[in-house]
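Input: a single structure, listed below in structure tokens.
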Amino acid sequence: MRILVADDHDLVRETIAAFLDGADIEEVQTVATLDDAVAAAESSGTFDLVLLDYNMPGMNGLDGLTRMKDANEGKPVAILSGSATRDVADAALKAGAQGFIPKTLSARSLLTAARFMAAGEIYAPIEFMQQASDEAGPLTKRELDVLRGICEGKSNKEIARDLSLQEVTVKLHVKTLSRKLDARNRTHAAMIARDRGMA
């Protein structure tokens, strides 16, 4: 079995490749952009399974899925994401993705899912797909300002200074926006914001 892992985060890409390397998987290739993924399929032949990061360069939402499916001559292409919502997962499956893989999936589950999808089955984790699809209320302008600061890697103190706020107020905004985005922490909130084009 030949698998291509396309993700712009080096650590994520290499970790997933390490999970998949071995067993009955003969070859795992990794690339960082959609263009590189398309080029890999065109130069070295089709893959039994392609795992595409939902938000890497060139994806343009689910347009990248269509491009990759064409390049891989209709063979299975699945979407990977660290922060996409159930709505995105639904849309990906409707657009012809072979599956939807949250990056929180365990190594064993990922390997099982990869074999399953390469065999032509559709995969999506039940717990994930049962989540409510509606998000908590929209973010306020101030929460969006704080979220932008988080995405730029700024500390609460730096965000407070930039926005002329007290640090304790920024902490409160971080807590509220994390709850609204269903984020586990600041980093997760930034990933969600990036996936949804919010910041």
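Heads up: numbering here begins at 1 and tracks the sequence. Worth knowing before you read on, the calculation uses all heavy atoms, side chains too, and leaves out hydrogens, waters and symmetry mates.
Closest non-hydrogen pair, Pro125 versus Phe100, comes out as CD-O, 3.3 Å. Considering every non-hydrogen atom in both Ala41 and Ala71, the closest pair reads CB-O, 3.7 Å. Taking each heavy atom of Leu181 and Ala189 in turn, the nearest pair found is CD1-O, 4.2 Å. The heavy-atom pair separating Thr30 from Ala17 by the smallest distance is CG2-CB, 3.6 Å. Of all non-hydrogen atoms in Ala40 and Gln29, the two that sit nearest each other are CB-OE1, 4.0 Å. Scanning both residues, Leu93 and Gly99, for their nearest heavy atoms gives CD2-CA, 3.8 Å.
Under the 4.5 Å side-chain heavy-atom criterion for grouping Ile, Leu, Val, Met, Phe, Trp and Tyr, Phe19 is connected to Ile25 within one hydrophobic cluster. Val50 and Ile122 fall within a single hydrophobic cluster, where Ile, Leu, Val, Met, Phe, Trp and Tyr are joined by side-chain heavy atoms under 4.5 Å apart, directly or via other members. Cluster membership check: Met191 does not share its hydrophobic cluster with Ile16, using side-chain heavy-atom separations under 4.5 Å among Ile, Leu, Val, Met, Phe, Trp and Tyr.
How far CE of Met56 is from OG of Ser81: 11.5 Å, rounded to the nearest 0.5 Å. With rounding to the nearest 0.5 angstrom, the CD atom of Glu14 is 10.0 Å from the CG atom of Asp7. Between Asp162 atom CG and Arg148 atom CZ the span is 12.5 Å, to the nearest 0.5 Å. To the nearest 0.5 Å, the span separating NZ on Lys154 from CZ on Arg161 amounts to 8.0 Å. The line from NZ of Lys103 to CG of Leu110 is 11.5 Å long, rounded to the nearest 0.5 Å. Atoms CE and CZ, from Met59 and Arg67 in turn, are 10.0 Å apart once rounded to the nearest 0.5 Å.
Here the side chains of Leu62 and Ile79 are in contact, with some heavy-atom distance below 4.5 Å. Contact of the Ile3 side chain with the Glu27 side chain is not registered, since no non-hydrogen atoms from C-beta on lie closer than 4.5 Å.
Classification of Asp53 and Arg13 as a salt-bridged pair fails, no side-chain N sitting under 4.0 Å from a carboxylate O. Using a 4.0 Å cut-off between a side-chain N of Lys or Arg and a carboxylate O of Asp or Glu, Asp182 and Arg86 do not qualify as a salt bridge.
Between the side chain of Gln98 and the backbone N or O of Gly120 there is at least one donor-acceptor pair closer than 3.5 Å.
Side chain to side chain, Arg142 and Thr169 fail the donor-acceptor criterion of an N or O pair below 3.5 Å.
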What's the verdict on side-chain contact (heavy atoms from CB on, under 4.5 Å) for Leu51 and Leu20, showing C-alpha distance, side-chain angles and the deciding distance? CA-CA 11 Å; Leu51 298 177; Leu20 295 172; 4.0 Å; yes
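If you run side chain to side chain contact (heavy atoms under 4.5 Å, CB included) between Val77 and each of Leu52, Leu49, Thr66, Leu4, only Leu52 comes through.
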